[in-house]
Amino acid sequence: MPELPEAEAARRRIADGVLNRTIQSFALGEISHVELPSEAERAGLTGTQFTRTHRHGKYIFVGSADGPWLHIHLGMAGSIRVTQAGEDTPKYARLSVVFDGGTRLHFRDPRKFGYVRMVPDVDAFIADKGLGPDALGIGGNAFAQAVGGTRGAVKSALLSQKKLAGVGNLWADEALYRVGIDPAVRACDLDAVRIGGLHSAVREILQTVVETGAVYAKLPRDWLIHNREAGVPCTRCAGEITKKTVGGRTSYYCPAHQVAA
DNA sequence: TTTACTGTTAGGAC
DNA sequence: TGTCCTAACAGTAA
């Protein structure tokens, strides 16, 4: 379920598991409709080592000292797994990088919305994509400018990677639930105090999920993530969780305490 | 068998 | 020109 915290957990798995090991070979799974590095690009990486990682929003980068970067996007359902010699290849592994000693880095992607490609430069990639500031590092003023000015639904603004990189459907709902804002409210109708509160909520939620390694079971029981179902009681007031579509995305919220103003 | 789905983006509407 | 909205993508799982 990859948004920023899941991408960060994946990045850490890569950083902890396979840096400074020599790449021996690659293995491919069922790869129809999956974008992966070409045979020539894979050959170019063989014999080299990854030495550093980077993440911006939901986008992951794995690089050698001066070579191109391996860029991973997890899409709707992708994940990263590291296995040791003798362990089975995980299901839905599309690309596996085999390192010295048999350690393997697997890019899994059941739904095939993700991809792996080579990019020459991370900053240029981010600029080219038009990605906004990383949602974990963005300051209050930048957040207010990015999200506050738009005329569309505040949830749509949170989901726009061009305004703010890293927030997806689940954590956008979680943040709005915490601060009590209706997801369909026009962002430009929110006052500075509420925008400030939303900024804090987004950062705190993402930070907390990152700290658990994106293991949802470790998150507090009163979070919306454990109650994303129409009809269940709200954990913050006497209301009831309700489902509606905002900006084309399924949204869960509590109409009793998530209000327009 | 039917339905919904966590992300991204092209294309059309305004 | 810019901003916003919808549909589509491919496959899985409930």
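Below, chain A is the first sequence line, B the second, and so on; all start at residue 1.
With dG7(B), dT3(C), dT9(B) as the choices, the nucleotide that has an atom nearest any side-chain atom of Asn169(A) turns out to be dG7(B). Side-chain proximity of Arg249(A) to the nucleotides dT8(B), dC4(C), dC5(C) is greatest for dT8(B). Relative to the side chain of Phe113(A), the nucleotides dC9(C), dT6(B), dG11(C) differ in distance, and dC9(C) lies closest.
One can place CH2 of Trp171(A) at 11 Å from P of dG7(B), the figure rounded to the nearest angstrom. Going from atom NZ of Lys58(A) over to atom P of dT8(B) covers 4 Å, rounded to whole Å. One interatomic measurement links the two molecules: CG of Asp173(A) to P of dA4(B), which rounds to 17 Å at whole-angstrom precision. Distance Leu164(A) CG to dT8(B) P: 12 Å, rounded to the nearest Å. Look at OH on Tyr115(A): it is 10 Å from C1' on dG7(B), rounded to the nearest Å. Nucleotide dT6(B) holds its P atom 17 Å from the CG atom of Leu206(A), rounded to whole Å. Arg186(A) has its CZ atom 12 Å from the C1' atom of dT3(C), to the nearest Å. Atom NZ of Lys163(A) and atom C1' of dG7(B) are 17 Å apart (whole Å).
Inter-residue side-chain proximity for Lys129(A) and Tyr59(A) is flagged as met; some heavy-atom pair is nearer than 4.5 Å.
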Open item on the list: Pair Arg94(A), Glu30(A) - check side chain to side chain contact (heavy atoms under 4.5 Å, CB included), show working.
Closed with: CA-CA 6 Å; Arg94(A) 308 299 176 189; Glu30(A) 196 282 291; 3.6 Å; yes
TODO: Could you please spell out the steps behind the ring-ring contact (aromatic ring centres under 6.0 Å, His included) verdict for Trp171(A) and Tyr216(A)?
DONE: CA-CA 12 Å; Trp171(A) 306 128; Tyr216(A) 298 173; 5.4 Å; yes
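Side-chain nitrogen and oxygen atoms of Lys112(A) include none within less than 4.0 Å of the OP1 or OP2 phosphate oxygen of dG7(B). Lys91(A) has no side-chain polar atom (N or O) that falls below the 4.0 Å cut-off from OP1 or OP2 of dG11(C). The shortest distance between the side-chain N/O atoms of His73(A) and the OP1/OP2 oxygens of dT8(B) is below 4.0 Å. For dA4(B), neither phosphate oxygen OP1 nor OP2 lies less than 4.0 angstrom from any side-chain nitrogen or oxygen of Lys243(A). Side-chain N/O atoms of Gln161(A) include one lying less than 4.0 angstrom from OP1 or OP2 on dT8(B).
Residue Tyr59(A) is in sugar-phosphate contact alone, with no base atom involved, counting any heavy-atom pair closer than 4.0 Å across all strands shown. When heavy atoms are screened at a 4.0 angstrom cut-off, Lys129(A) is found touching the sugar-phosphate backbone but no base atom.
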Open item on the list: As a check on the pairing definition, encode DNA chain C in dot-bracket form, counting Watson-Crick and G-U wobble pairs whose two distances are under 3.5 Å, and using | for partners outside this strand.
Closed with: .||||||||.||||
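Salt bridge annotation for Arg12(A)-Glu8(A): present, with a cationic side-chain nitrogen under 4.0 angstrom from a carboxylate oxygen.
Put simply, the residue from Asp182(A), Thr242(A), Asp173(A) that forms a side-chain contact (heavy atoms from CB on, under 4.5 Å) with Ser251(A) is Asp173(A).
Taking the six-membered ring where tryptophan is involved, the planes of His73(A) and Tyr115(A) are essentially parallel, since the angle between them stays under 30° and well short of 60°.
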